[in-house]
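Structure, as structure tokens:
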There are 2 protein chains.
Amino acid sequence: MELSDRKKKILKAIIDDYIETAEPLGSLTVARRYLSDYSPATIRNEMADLEELGYLEKPHTSAGRVPSYTGYRLYVDMLMEKYRLTMSEMEDLSRRLEIKARELDGIVRKACSTVSALTDYTSFVITPQVSQLKFKNIKLIMIQEGLVLIVLVATGDMIKDRRIKAPLDITQEGLDRISGVITDLFCLKTANEIDFESVFFVEISKLWPELVPCLKEFLGEALSGSGGDVYLDGTANIFRYREYQDVGRAKSFMDFVDDEESLKNLVRKASQGETICEVIIGSETGRQDLKDCSMVLKSYSVSDDSKGSIGIIGPVRMDYARVMSTLEYIADAMDTIFRRMID
Amino acid sequence: MELSDRKKKILKAIIDDYIETAEPLGSLTVARRYLSDYSPATIRNEMADLEELGYLEKPHTSAGRVPSYTGYRLYVDMLMEKYRLTMSEMEDLSRRLEIKARELDGIVRKACSTVSALTDYTSFVITPQVSQLKFKNIKLIMIQEGLVLIVLVATGDMIKDRRIKAPLDITQEGLDRISGVITDLFCLKTANEIDFESVFFVEISKLWPELVPCLKEFLGEALSGSGGDVYLDGTANIFRYREYQDVGRAKSFMDFVDDEESLKNLVRKASQGETICEVIIGSETGRQDLKDCSMVLKSYSVSDDSKGSIGIIGPVRMDYARVMSTLEYIADAMDTIFRRMID
DNA sequence: AATTAGCACTCCCTACCCCAGAGTGCTAAT
DNA sequence: ATTAGCACTCTGGGGTAGGGAGTGCTAATT
């Protein structure tokens with residue numbers, strides 16, 4: 001059933017206002033503040049209808065009305081005006097995101113802190129998770145007499161390293177030869193396709209017995225996948241909002257956010273959409289302890305095949321429009337930064 | 001002035017109890033619960049003295065007494081019994097700390113989460129900060145046609161990397177030669193001792209013009225130092241304690257903990273001691289917003305010259321004995337893990 | 001038929017008060 | 001030097017009253 005225009009206007013007004021003030025709205029206030037064309041009584045009747053339809057709720061008999069989760073859902077999907085970042089906001093954002101260090105880690109942290117600073121909510125980033133990497137290249141580097149660093153490059157240009165003792169008589173040239181052969185042998189193989197039985201390794205083991213077992217272990221671990229790291233920022237922001245003046249709620253929020261695994265699970269379950277922001281409102285999270293929270297997620301790509309998520313989590317009464325455009329802008333900025341990194 | 005034995009006993013009893021219950025203690029309770037040899041009246045008199053001396057405080061006229069900061073200080077320095085981890089606690093701890101991935105990052109995260117899980121306070125780790133690194137070794141690795149990965153090893157065996165486009169006709173052997181020469185030229189130099197004017201670079205620039213400027217920038221950044229990363233865990237633990245049922249306090253705690261810089265500053269200022277735990281009680285932090293918190297810090301070493309800090313932060317009423325021995329044990333465990341990593 | 005005015009009713013929130021309980025400090029007795 | 005006795009103080013919880021905001025219903029108006 002389609003809502004009348006007037007109902008939509010009223011619902012939008014209530015949600016807009018509630019997002020700002022966290023105060024239940026009465027018919028009088030709505031009329032005065034937003035819709036002076038209609039009398040309070042008219043609005044009162046409409047509000048009763050909207051409650052009937054499940055878009056509004058009454059905290060108690062004689063309070064005003066408050067949006068319900070379905071109300072917010074309708075709002076996000078249809079009612080809300082898309083927020084456009086102003087010029088100065090975009091500049092501010094770009095300035096904050098300017099990174100000197102060109103490390104993935106640093107960029108991600110910065111993006112995270114930028115989002116929380118700009119939205120005043122708690123932000124998080126989850127780095128792309130890769131479950132099975134392929135071998136790309138290996139390099140043995142002499143870092144001092146008898147000590148060698150093994151550097152592995154895997155698909156997605158992930159870098160892993162490990163130290164190992166080496167025979168004293170080995171030279172960098174020798175290491176380079178070994179590196180070359182291993183790279184040729186293993187190129188583009190996964191951990192369990194790798195085979196250490198060739199003649200080459202038998203030979204090597206005579207000169208340098210530690211190498212093969214160490215390599216075996218290292219490659220096994222390094223190629224088994226990684227990522228899925230969680231970064232958080234602005235957890236204290238939750239206290240800005242009335243609904244979390246209550247210690248119990250604040251605690252359950254913190255408990256959730258503190259636990260990387262549960263956050264990762266939730267995000268993984270939710271983030272299907274590619275281009276647009278995912279919005280999860282209140283109990284849509286499916287978790288009892290998060291029924292007072294909403295999340296907004298956006299995915300970003302480090303490379304074609306590896307995607308991470310950036311998002312915010314805050315009260316259900318959230319400035320969705322603003323958050324969504326901020327996240328879209330940031331994710332876009334991250335995408336271009338990462339693309340440039342490969343250039 | 002030296003306290004009498006009886007005064008010490010009473011003070012210790014009060015602090016021990018207060019740490020557990022967070023409830024002001026009256027003379028009657030002290031007598032009944034800890035010191036039935038003396039009558040409440042005697043204890044009352046002694047408590048009045050202890051208040052006079054500044055070790056106890058009264059929240060109000062007719063409440064019991066509560067330890068003051070100087071009281072806690074005395075307790076930590078002289079009164080408290082050193083806590084010894086039980087066998088099963090040590091086992092639990094070692095089990096949690098068992099790491100599959102042998103990456104610095106992973107170990108540190110794990111140590112952090114272990115501490116907060118075991119102490120029920122908020123824990124943090126700050127990785128060693130190195131302000132000026134020296135060049136040790138460089139290696140150019142072909143990761144695909146026309147794309148090269150530069151891997152730098154610096155003092156402390158820090159690894160940094162960057163991608164760069166390369167001429168299509170270059171081979172891995174060519175890269176190995178270049179790597180060798182650069183390593184010889186720059187070995188053990190700092191960023192500003194490095195000189196790109198030699199004939200070698202002039203020659204190289206003809207074949208591969210992007211390399212020199214890219215290297216310049218990369219080495220500049222990579223050798224300028226790094227570390228000082230902050231990891232946090234168990235922030236939600238603060239809600240376990242009565243004194244943080246108050247939203248205002250919880251907020252200022254979170255605000256502090258959220259801000260990596262302020263945490264780093266405070267830790268840097270405090271952590272001088274090498275062998276033993278540093279304890280900072282209440283206003284000793286010198287920050288108004290942290291006057292209800294205490295910190296305990298312990299340093300750990302990744303290598304001889306680079307030390308990080310691990311610690312916890314919680315209410316002033318903290319189980320110092322337990323926290324200190326946990327931290328000492330963990331720091332010790334980390335030291336041996338890192339030592340083994342080099343072996 | 002849709003809108004509006006009027007009005008009685010409901011419920012929360014705050015302020016206020018009162019009192020029991022716990023602990024103190026002082027004095028006098030042991 | 002220690003202890004018993006006692007009057008005094010202060011907090012925190014429970015109970016209560018009244019103002020305020022908002023509702024739903026009915027009747028009047030457009």
Do A/Tyr320 side-chain atoms and A/Val316 backbone N/O form a donor-acceptor pair below 3.5 Å?
->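 Answer holds: yes.
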Starting at atom [atom1] of [X], determine the distance to atom [atom2] of [N], rounded to an integer number of angstrom.
X	N	atom1	atom2	result
B/Asp246	D/dG12	CG	P	13 Å
B/Glu23	C/dG23	CD	P	9 Å
B/Glu57	C/dG23	CD	C1'	17 Å
B/Asp49	C/dC26	CG	C1'	15 Å
A/Arg65	C/dT10	CZ	C1'	13 Å
B/Lys7	D/dT2	NZ	C1'	13 Å
A/Lys58	D/dA21	NZ	P	18 Å

Pair [X] + [Y], salt bridge at N-O below 4.0 Å:
X	Y	value
A/Arg65	A/Glu51	yes
B/Lys82	B/Glu328	yes
A/Glu46	A/Lys8	no

Contacts to DNA chain C from residues 26-47 of chain B, heavy-atom cutoff under 4.0 Å, which residues?
->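 Close to the strand are B/Gly26, B/Ser27, B/Thr29, B/Arg44, B/Met47.
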Ignoring hydrogens and angles, are the base of D/dC10 and the side chain of B/Thr61 linked by a donor-acceptor pair under 3.5 Å?
->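 Flag unset: no donor-acceptor pair detected.
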Counting side-chain heavy atoms from C-beta on, which of C/dC11, D/dT9, D/dG24 comes nearest to A/His60?
->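 In terms of side-chain proximity for A/His60, the closest of C/dC11, D/dT9, D/dG24 is C/dC11.
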Less than 6.0 Å separating the ring centroids of A/Phe124 and A/Tyr231?
->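 Ring centroids of A/Phe124 and A/Tyr231 are no less than 6.0 Å from each other.
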Lys/Arg cation over aromatic B/Tyr38: B/Arg6, 6.0 Å, 45° cone =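 That pair qualifies as a cation-pi contact.
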Base-pairing mate for C/dG21 - Watson-Crick or G-U, with both contacts under 3.5 Å |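 C/dG21 is paired, partner D/dC10.
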